[in-house]
Amino acid sequence: MHAIEKILAKAAGKDEVHAGEIVNCRIDFAEINDLYLQTIYSFYEMGGEKVWDKDKVAFVFDHYSPAPTINSAQIHKEMRQFAKEQGFAHHFDINTGVCHQVLAESGIVWPGMILVATDSHTTTHGAFGAFGTGIGATDMATVLISGELWFRVPEVIKIEINGQLQEGVYAKDVILHIIGKLKADAAVYKAIEFCGNYIENLDVADRMTICNMAVEMGAKTAYMKPNDKVFEYLSTRMNEEFVIEETDLDYDYSETYVFDVSKLSPQLAVPHSVDNVYSIENVDKVKINQAFIGSCTGGRIEDIEAAFKILNGKKIHPDTRLIIIPASTEVFQHAMKLGYIQSLVKAGATFASPGCGPCLGVHEGLLTEGEVCISATNRNFPGRMGSTGAKIYLASPACVAASALEGKITDPRELLKEAKENA
Ligand SMILES: CC(C)[C@H](C(=O)O)[C@@H](O)C(=O)O
Ligand code: SF4
């Protein structure tokens with residue numbers, strides 16, 4: 001069995017499960033974001049009165065946060081009321097951040113747990129060795145009532161990643177490269193395990209970035225065997241007892257892919273699809289109207305630091321807007337403490353409060369017809385960040401910052417070398 005199968009078997013009270021089986025599993029935590037008020041209506045329609053465990057459910061206000069419309073303010077109001085009536089132990093209001101970041105920071109995520117959320121990027125939590133997956137309002141209502149949900153045990157694809165990245169190339173480039181090679185339908189309803197010597201030493205932020213985008217290949221969930229960096233990160237945030245499930249040596253992966261990333265250049269997903277990926281050398285250096293650093297993919301302190309290293313003491317191009325939205329209040333405060341915010345504001349960046357912002361085209365920096373945006377986020381289909389007539393390039397935060405500086409798509413490696421020489 002795979003570690004994922006062992007996690008599901010344990011939650012189903014079975015000795016073993018195998019790909020293709022339908023199992024009914026106990027859920028360890030359920031998160032609902034502010035797009036899914038419908039969950040509450042379904043909960044009542046299905047006869048719900050009290051949720052199965054008030055310590056294992058949380059609302060996160062992040063997609064429409066702070067409320068950009070009266071309707072979303074009404075949604076927040078009704079969700080706050082439900083959370084209060086139910087006595088939820090956790091509640092993440094408009095002053096916290098993006099769900100996947102705040103759940104990890106709050107010590108709610110641990111290896112071996114089953115986490116469901118009303119968000120497709122719940123695959124992010126494979127970074128901690130958790131089984132994280134996105135579900136809809138009706139399934140979520142079932143969970144709120146019963147504390148259980150059915151799953152079809154997924155086949156597992158092994159993606160082995162080896163090699164050391166060169167300066168100016170990041171985890172975001174690695175996952176974009178993989179999606180570009182395997183394509184957006186590579187893992188539909190399957191799990192992806194990321195392993196290899198590149199992954200073994202990877203820090204938590206990079207593990208989250210890679211697992212976050214597994215769903216861009218259709219993956220049901222992602223998995224990385226927890227490493228010391230995960231244990232260190234969790235040690236100061238939670239005290240849940242957990243067991244690390246080991247994958248049997250003779251486990252039979254449905255597919256295996258091996259990537260050597262030691263010679264990888266910065267990668268870009270060019271309009272209009274996440275799997276339309278090219279090395280920066282092969283991408284036209286088009287003018288950039290807007291650059292965005294943020295989201296559950298690229299809004300962590302490491303991402304803001306990458307922008308700081310490139311922009312500190314400089315000014316972004318006069319024809320380019322740079323919007324930076326920390327993925328959480330903890331990240332925001334950390335960046336303030338390190339002086340990154342002041343430096344980046346001086347460089348011409350526009351900050352907004354932690355949340356999803358323009359990532360899915362809700363507010364805080366939408367694009368109009370004909371505009372070109374380079375973004376540290378995870379999707380670039382037409383209309384994702386505003387007008388369907390806009391173009392979105394996905395890239396690493398460093399490439400986003402370098403492009404904001406030059407006003408056109410720019411390779412961060414040159415600027416980083418220069419910044420190092422001048423340091
Ligand atoms: C919540 C939902 C609207 C959506 C998702 O499920 O991923 C959003 O977060 C996104 O990134 O498109
Ligand atoms: S930051 Fe973007 S990708 Fe992440 S949950 Fe919000 S909308 Fe979805």
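Order of appearance sets the numbers: ligands from 1, and atoms from 1 within every ligand.
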task = Please confirm whether the backbone N or O of Leu144 pairs with a side-chain atom of Lys56, one donor and one acceptor, at under 3.5 Å?
result =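 Such a contact is absent between Lys56 side chain and Leu144 backbone.
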
Options [options], ranked by nearest heavy atom to [atom], top entry:
| atom | options | result |
| --- | --- | --- |
| atom 11 (O) of ligand 1 | Arg384, His63, His100 | Arg384 |
| atom 4 (Fe) of ligand 2 | Gly294, Cys296, Ser65 | Cys296 |
| atom 4 (C) of ligand 1 | Asp119, Asn378, Val215, Thr122 | Asp119 |

May I ask you to identify the nearest protein heavy atom to [atom], giving residue, atom name and distance to one decimal place in Å?
| atom | result |
| --- | --- |
| atom 2 (Fe) of ligand 2 | Cys359 SG, 2.4 Å |
| atom 7 (O) of ligand 1 | Ser120 OG, 2.6 Å |
| atom 6 (Fe) of ligand 2 | Cys356 SG, 2.4 Å |

message = So if I count the atoms of ligand 1 from 1 in the order they appear, which ones are less than 4.0 Å from some heavy atom of Asn33?
response =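 So the atoms of ligand 1 that pass are 1 (C).
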
request  = Output the list of atoms in ligand 1 that are nearer than 4.0 Å to some heavy atom of His121, sorted by atom number.
outcome  =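 Answer, ordered by atom number: 7 (O), 11 (O).
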
Using a 4.0 Å cutoff against the non-hydrogen atoms of [X], which atoms of ligand 2 qualify?
| X | answer |
| --- | --- |
| Leu360 | 7 (S) |
| Asn378 | 3 (S) |
| His121 | 3 (S), 8 (Fe) |
| Asp119 | 5 (S), 8 (Fe) |

ask   = Among Phe43, Tyr41, Tyr36, which one satisfies ring-ring contact (aromatic ring centres under 6.0 Å, His included) with Phe82?
value =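 Single ring-ring contact (aromatic ring centres under 6.0 Å, His included) partner of Phe82 among Phe43, Tyr41, Tyr36: Phe43.
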
ask   = Can you say whether the rings of Phe88 and Phe59 are parallel (under 30°), tilted (30 to 60°) or perpendicular (over 60°)?
value =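 Correct class here is perpendicular.
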
query = Parallel under 30°, tilted from 30 to 60°, perpendicular over 60°: which one fits the rings of Phe29 and His90?
reply =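 Aromatic pair Phe29/His90 classed perpendicular.
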
Spacing of [X] atom [atom1] and [Y] atom [atom2] [to the nearest 0.5 Å]:
| X | Y | atom1 | atom2 | value |
| --- | --- | --- | --- | --- |
| Ser146 | Arg26 | OG | CZ | 12.0 Å |
| Asn276 | Asn380 | CG | CG | 7.5 Å |
| His363 | Tyr64 | NE2 | OH | 9.0 Å |

inquiry  = Can you confirm whether the side chains of Asp119 and His100 place a donor and an acceptor under 3.5 Å from each other?
reply    =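 Indeed, the side chains of Asp119 and His100 share at least one donor-acceptor pair under 3.5 Å.
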
request  = Decide yes or no on side chain to side chain contact (heavy atoms under 4.5 Å, CB included) for Lys225 and Cys195, but give the supporting numbers first.
outcome  = CA-CA 8 Å; Lys225 188 173 174 210; Cys195 57; over 6 Å; no

query = For ligand 1, which part of Leu35 has a heavy atom less than 4.0 Å away: the side chain, the backbone, both, or neither?
reply =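 The part of Leu35 near ligand 1 is the side chain, not the backbone.
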
request  = Would you kindly specify which portion of Arg379 sits under 4.0 Å from ligand 2, judged on non-hydrogen atoms: side chain, backbone, both or neither?
outcome  =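 Neither; no heavy atom under 4.0 Å.
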
Proximity flag Thr118 to ligand 1, non-hydrogen atoms under 4.0 Å =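 It does; at least one heavy atom falls under 4.0 Å.
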
Any Arg413 side-chain heavy atom under 4.5 Å of Ser265 side chain =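 Yes, at least one pair of side-chain atoms sits under 4.5 Å.
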
